[in-house]
Number of protein chains: 2
Amino acid sequence: MVVDQLDDTGIDRLFQALADPTRRDIVRRVTLGEYSVSGLAALYAMSFAAVQKHVAVLERASLVSKEKRGREQIVRGNHEGLQSVRRLLDEYEEIWRQRAARIADILAEEPKNN
Amino acid sequence: MVVDQLDDTGIDRLFQALADPTRRDIVRRVTLGEYSVSGLAALYAMSFAAVQKHVAVLERASLVSKEKRGREQIVRGNHEGLQSVRRLLDEYEEIWRQRAARIADILAEEPKNN
DNA sequence: CTGATCTACAACCATTTGGTTGTACGTTAT
DNA sequence: ATAACGTACAACCAAATGGTTGTAGATCAG
């Protein structure tokens, strides 16, 4: 997924990926340390396959990346993905800023007919 | 929903709510101007009920609020909700910062036995 | 009063999601 | 070589999601 110039589908995937507590926890973990998929699976009360699916969702969303090492698959955090989400949120904050500015303009407007 | 002190369910709702392009568009619109539910519904190629559901999802996530005015229900953006998401993202960025600091520490560590 | 408008909500449907178990295959260790 | 480990993937299931239509209650306009 291209993380700059995000299309709707990419944005959907990013937010969707973060809308699950297990996946958010995985993101935290793999940001601070290295984990294999089975290393991650050991942390949660669910099957290996379930964790594997969560990692796949995060990977499609560009929030983590996998790298094969021997028979293991090492999962690492992908900072670009997170930055994309952050930039998106910044855009929404910017819209609020515009709104505040617009309201200020209206209040500062020269009263003409009253 | 309490927007400070967010529990997992609240966070889930926030990200889930933002994981749909129609809902993201609604958030933008109602931030800049006032819209009734049917006013919003007129903007999209889907039924009134569908838009009503989208607004309900955003409301549960604390991203918008409704206010009854006559027979209309006015939808407005709720800045607190957005700020919650932003704070969450900031936490993840902070984790990355910690990671970077930790790596820097390791590199700066006094070599003792080589 | 009557009709049009706005909203709410239930019932239904197809698809997606988050989980399971089972099977197969490459890699490591004994 | 064989067993154990790590992964991938298919098939299945229940619940949630995103949409529909239909019905009903308020409110506003003529």
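Note: hydrogens, waters and symmetry copies are ignored here, and every other heavy atom, side chains too, is used. Here is the naming used below: chain letters follow the sequence lines, and residue numbers restart at 1 for every chain.
Across the protein-nucleic acid pair, A:Arg24 atom CZ and C:dG18 atom P stand 11 Å apart, rounded to whole Å. The distance between atom CD of A:Glu59 and atom P of D:dC9, rounded to the nearest whole Å, is 11 Å.
The closest side-chain heavy-atom distance from A:Leu6 to A:Leu14 is below 4.5 Å. By the 4.5 Å heavy-atom criterion applied to side chains, A:Tyr92 and B:Val85 are not counted as neighbours. Between B:Leu32 and A:Arg99, the closest side-chain pair of non-hydrogen atoms falls below 4.5 Å.
Using a 4.0 Å cutoff on non-hydrogen atoms, the parts of residues 40-51 of chain A near DNA chain D are A:Phe48, A:Ala49, ordered by number. A heavy atom closer than 4.0 Å to some atom of DNA chain D occurs in A:Lys66, A:Arg71, A:Glu72, A:Gln73, these being the qualifying members of residues 65-73 of chain A. Near DNA chain C, defined here as any heavy-atom distance below 4.0 Å, there are no residues from residues 26-36 of chain A.
Judged purely by atom type and a 3.5 angstrom limit, A:Asp8 has no side-chain atom pairing as donor or acceptor with the backbone of B:Pro21. Judged purely by atom type and a 3.5 angstrom limit, B:Gln73 has no side-chain atom pairing as donor or acceptor with the backbone of B:Val37. Checked by atom type and distance alone, the side chain of B:Arg69 never pairs as donor or acceptor with a backbone atom of B:Ile74 at under 3.5 Å.
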* Let me see the working for B:Thr31 and B:Val64 under side-chain contact (heavy atoms from CB on, under 4.5 Å), right down to the final yes or no. => CA-CA 9 Å; B:Thr31 296; B:Val64 309; over 6 Å; no
*Mind running side-chain contact (heavy atoms from CB on, under 4.5 Å) on B:Ser36 and B:Val75 for me, showing each step along the way?*
CA-CA 6 Å; B:Ser36 66; B:Val75 184; over 6 Å; no
message: Set out, in order, the CA-CA distance, both residues' side-chain angles and the distance that settles side-chain contact (heavy atoms from CB on, under 4.5 Å) for A:Lys66 and A:Arg76, then state yes or no.
response: CA-CA 6 Å; A:Lys66 284 192 300 185; A:Arg76 289 200 187 79; over 6 Å; no
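Between the CD atom in A:Glu93 and the NE2 atom in B:His79 there is a gap of 3.5 Å [rounded to 0.5 Å]. A distance of 8.5 Å separates CG in B:Leu82 from CD1 in A:Ile95, rounded to the nearest 0.5 Å.
For D:dC5, the OP1/OP2 oxygens have no side-chain nitrogen or oxygen of A:Ser38 closer than 4.0 Å. OP1 or OP2 of C:dT7 has not a single side-chain nitrogen or oxygen of B:Gln52 nearer than 4.0 Å.
Counting only residues at least two apart or in different chains, ring pair (Phe, Tyr, Trp, His ring centres under 6.0 Å) contacts with residues 11-38 of chain B are absent.
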Tabulate protein N/O versus nucleotide N/O from nucleotides 14-18 of chain D, keeping only pairs under 3.5 Å, one per line.
| residue | atom | partner | partner atom | Å |
| --- | --- | --- | --- | --- |
| D:dG18 | OP1 | B:Arg23 | NH2 | 3.3 |
| D:dG18 | OP2 | B:Arg23 | NH1 | 3.1 |

Donor-acceptor contacts, no H, no angles, side chain residues 45-56 of chain B, under 3.5 Å, sequence neighbours left out:
| residue | atom | partner | partner atom | Å |
| --- | --- | --- | --- | --- |
| B:Ser47 | OG | B:Ala50 | N | 3.1 |
| B:His54 | ND1 | B:Arg23 | NH1 | 3.2 |

